[in-house]
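Scroll down for the structure; my scribbles are underneath it.
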Protein chains: 2
Amino acid sequence: MKKKDKNTEEKILQAARQAFTSKGLSGARMQDIADTAGINKALVHYYFDSKEKLFALIFEEEFGKFFSNLAAVLTADIPLFEKIEQVVALDIERLSQFPDMPLFVINEVSRNPAMIVERFKQLPIKKVTANFQKQIDEEIKKGAIKNISSDQLLINIQSLSIFPFVAKPMLKSVLQVNEKNYKIMMQMRKKSVATFIIDAIKT
Amino acid sequence: MKKKDKNTEEKILQAARQAFTSKGLSGARMQDIADTAGINKALVHYYFDSKEKLFALIFEEEFGKFFSNLAAVLTADIPLFEKIEQVVALDIERLSQFPDMPLFVINEVSRNPAMIVERFKQLPIKKVTANFQKQIDEEIKKGAIKNISSDQLLINIQSLSIFPFVAKPMLKSVLQVNEKNYKIMMQMRKKSVATFIIDAIKT
DNA sequence: TTGTTTATTAACCATTTGGTTAAATTTCAA
DNA sequence: TTGAAATTTAACCAAATGGTTAATAAACAA
């Protein structure tokens, strides 16, 4: 039975990911996770101790997806406009793959801000933002783009990329588009959003 | 004791709003709401029957704030650029006043999409979007703005306005700004976002 | 083969939670 | 003043929930 180890563990993680990302920490049920994984509830505790700990693992995972490549692209040594195109395309591709993830992460950070503050302390954020800031300032000085703070630009980029996924059910209703067409719209945004941003800032 | 009616009712609603918007439907506790309102838990049920019904009331309220003036501005008979400025300013002003509201609404719509679909059936969305669409198409034909679908433009406007409030705790961490400075940034966005959008679409 | 370790389960347990009930208190009209 | 109606509370209740335990089954090393 020892070979089943990884198998069971993985099944639990999969079920937990599904439960937590769709219902949140307080909405998810351990019994549900066990049922979905096709095992006894006690086994979930056997493998992962408590709900909190299991949740922390899932959060870590999803949080990683959220920020993994962003820093890399942001600090890459490429022209600004190209960088914007890459960040947007990367964001939207990742979000298309894991559509529940951003709302999940946002929720849990909102409900427990201390968690993220801790995690961020170990990341070289300042380096990333300072690097980006420098590139922006240079472009402004060159007269290639209008005057804008790198913080605000970063917020705009992430807003345009992420929000349509976070608010998907609402936007689908307002705009009265079905699932298929919404996905098509998101694919179009991979290019159109970058163009939108570049047009907004170039002189 | 009859005069206390409105008073108690309002105290409960206030406590419920606080609980639901900060912790969501499943995270909020009836006992908590009663305690915050300074009354017995049974009284909450006396006035509002069930948790679900109380929640529905609060949701209705918050949802109203979300969409109240938007339709009015969108269908107003004013130039496009002016309209964009007004929508953004209105959005950000409202969101500054009720910062928990958008995440709350988005969450509950995500968890129960049927609810919003029902509600939207009674609203003249098609009229609003068709109206806006027409204005966009005219501006494109005039050559005043670039070619863009009104849906995508609407998504961009709402993304830039709402997302910074939805993701506030996360953005505060990433950008390492404190509460006061974040508020200042949001105030600046009332104008800068409109300019950003107009620059993005004008020819 | 056998004894030890690991994995899995059924049955429980304590706590929390939404909700109810019956009694007490207050209000107010007659 | 009195009695019915409305308001408020303390004490409960049943169901749900996270978690534990003790026993069983499987895996494996000797």
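Hydrogens, waters and symmetry mates are skipped; everything else that's a heavy atom, side chains included, is used. Every chain is numbered from 1 and lettered A, B, ... according to where its sequence line falls, protein lines coming before strand lines.
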Rounded to whole Å, please give me the gap between [atom1] in [X] and [atom2] in [N].
{"X": "Leu43(B)", "N": "dG19(C)", "atom1": "CG", "atom2": "C1'", "value": "14 Å"}
{"X": "Phe48(B)", "N": "dT20(C)", "atom1": "CZ", "atom2": "P", "value": "16 Å"}
{"X": "Lys41(A)", "N": "dT9(C)", "atom1": "NZ", "atom2": "C1'", "value": "12 Å"}
{"X": "Lys11(A)", "N": "dT8(C)", "atom1": "NZ", "atom2": "C1'", "value": "11 Å"}
{"X": "His45(A)", "N": "dG19(D)", "atom1": "NE2", "atom2": "P", "value": "4 Å"}
{"X": "Asn40(A)", "N": "dA7(C)", "atom1": "CG", "atom2": "C1'", "value": "11 Å"}
{"X": "Asn7(A)", "N": "dT8(C)", "atom1": "CG", "atom2": "C1'", "value": "14 Å"}

Requested in this report: Would you list the pairs meeting salt bridge (Lys or Arg N to Asp or Glu O under 4.0 Å) in which at least one residue belongs to residues 152-176 of chain A, sequence neighbours left out?
Outcome: Lys168(A)-Glu179(A), Lys172(A)-Glu179(A)
Query raised in the report: Near DNA chain D, which residues from residues 12-39 of chain A have a heavy atom under 4.0 Å away?
Result: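 The answer is Ala28(A), Arg29(A), Met30(A).
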Query raised in the report: CD1 of Ile140(A) to CG of Leu80(A): how many Å apart, nearest 0.5 Å?
Result: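 One gets 9.5 Å once the value is rounded to the nearest 0.5 Å.
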Query raised in the report: About how many Å separate OH of Tyr182(B) and CG of Leu171(B), when rounded to the nearest 0.5 Å?
Result: 4.0 Å
Query raised in the report: Is a side-chain donor-acceptor pair under 3.5 Å present for Ser159(B) with Ser159(A)?
Result: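 No, no side-chain donor-acceptor pair sits under 3.5 Å.
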Query raised in the report: Is any N or O donor-acceptor pair between the side chain of Lys51(A) and the base of dG19(D) shorter than 3.5 Å?
Result: no
